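Beneath this line is the structure, given in structure tokens, with notes to follow.
Numbers here are sequence positions counted from 1. What you are looking at is a predicted structure, and each value in this text was computed from that prediction instead of being measured. Counting starts at 1 for both ligands and their atoms, in listed order.
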Amino acid sequence: MDTQEVIEKEKRFVMQSYGRLRVVFEHGEGTWLFDKEGKKYLDLVGAIATCSVGYANSEVNTAIKAQLDKLINTTNLYYTEAQVELAEKLAQVSGLQKSFFCNSGTEAMETAIKLARKHTGKKGIIACEHGFHGRTLGALSATWKQAYKEFCSPLVPGFSHIPYDDAEALRTAITPDTAAFIVEPIQGEAGVMFPKHGYLRQVREICDEKGVLLIVDEVQTNLRTGKFFAFQHEKILPDIVGVAKGIANGVPLGVTLAREGIDFTKGQQGSTFGGSALACAAGLATIGYIQKHGLVEQAVEKGKEFFKGLEGIKMRNSSVAGARGRGLMLALDLDAALQDVKEVVKGALGLALVLNSPTGNVLRFLPPLTISDEEIRLGLKRTEEAIQRFGMKTPQGAGQR
Ligand SMILES: *Cc1c(COP(=O)(O)O)cnc(C)c1O
């Protein structure tokens, strides 16, 4: 099939819930993706942070292949070594004793919500405006964006939303029926939005004071901010944490972590595929690779270089309004009056660069942690070129597209 045929078949046979870029990727290597014509693209999106240690990582793939030849999934009717080993590893790196394994970020959050209601016997869940927690009805009820929700209402009752980065708003919103507060350490889908330093610490204190569970959604932030988990920057321990995306280098794996003492009883939660031997082997190999090569620590330095480059782009281009980032989770704000970010993302493909915009006029960068300094420089150079060459609104056409 050529590219055009793939695109036509997708339109006929796949549900049309995605707005895709017109490119068919066939294989990847490290920070690079290759399309059907053999063209090589530098990828600064990392399959939305799922590709944490690079495409076709040979050490991780060797471990996956070895497990593949032994067992893929037995279900949780039985025990597997891979699952308990991964649970032990996650307890070591998170400080949270117990794992529940599932297959995606939304399930990890769904599980977190069920667990909080079970543990407290209360119904109320407070989440944040502009937050994103997934697409299943429970996690979606915690998600903010109306366009994701209104067409499939009614949602799950018991959810309310407060402004992000406003600890006092949490204090006010808590009622005697509040089970938990759900928060992202950095709001990824909202455009890589950072709260003030100390916010997580403040909400931890308020939750302790009021007897409310703190659920931290680390589905996107795990591994890449310079700590294993972003909550560790503020030296707090959440009660429950949701993890997915990069934890198994692209193999579907979600995890809900919880403090000792917060647990289900038999039959209250389950998953046929959750914690399969294959996914757990991939998770273990990914974490093993990250630890062996010091990639969590290296994300600090690489992130600084990346951020400096973004600041340079901002300084040289009046159409760039802001730059921010922590480790290898970064963003640029384009000036909406001067730039059309969608055109920049589309045009970048022509420069052999993969970019992403989660919302509005934001470019988001979530490259594999294995990205080299040279690839960072090249990525920044191409990003600047894409911003300058594509998506520039003409003065008279500004705001009229
Ligand atoms: C991506 C994401 C989710 C949902 O994960 P899926 O694997 O797509 O279900 C939940 N929370 C956050 C913060 C995310 O970034």
* Would atom 11 (N) of ligand 1 count as contacted, meaning some protein heavy atom under 4.0 Å? -> yes
* Structure fact -> ligand 1 to His133, heavy atom cutoff 4.0 Å, flagged ligand atoms 10 (C), 11 (N)
* Measure the acute angle between the ring planes of Phe34 and His27, then classify it against the limits of 30° and 60° as parallel, tilted or perpendicular. => parallel
* Judged by modelled atom types alone, do Gln187 and Asp165 share a side-chain donor-acceptor pair under 3.5 Å? -> no
* Close side-chain approach of Lys346 and Phe390, heavy atoms under 4.5 Å -> no
* Structure fact -> shortest atom 7 (O) of ligand 1-to-protein heavy-atom contact is with Gly105 N, 2.8 Å
* Asked: Can you tell me which residue and heavy atom of the protein come closest to atom 1 (C) of ligand 1, and the distance to 0.1 Å?
  -> Lys245 NZ, 1.5 Å
* Asked: Given Tyr41, which of Phe25, Trp32, Tyr55 fulfils the ring-ring contact (aromatic ring centres under 6.0 Å, His included) condition?
  -> Phe25
* Under-4.0 Å heavy-atom contact with ligand 1, by part of Glu184 that carries it -> side chain
* Asked: Would you say Val219 and ligand 1 have an N/O pair spaced under 3.5 Å apart?
  -> no
* Asked: What protein heavy atom sits nearest atom 9 (O) of ligand 1, and how far away is it?
  -> Thr106 N, 2.8 Å
* His233 and Thr225: side-chain donor and acceptor closer than 3.5 Å? -> yes
* Asked: Should the proximity of Glu107 to ligand 1, defined as any heavy atom under 4.0 Å, be assigned to the side chain, the backbone, both, or neither?
  -> neither
* **Under-4.0 Å heavy-atom contact with ligand 1, by part of Ser104 that carries it** => both
* Flag this pair as yes if the NZ/CZ of Arg135 is under 6.0 angstrom from the six-membered ring centre of Tyr148 and inside a 45 degree cone about the axis; otherwise no. => yes
* Asked: Counting each atom of ligand 1 from 1 as listed, which ones have a heavy atom of Asp217 under 4.0 Å away?
  -> 10 (C), 11 (N), 12 (C), 13 (C)
* Check whether the side chains of Gln202 and Arg171 place a donor and an acceptor atom closer than 3.5 Å, and report yes or no. => no
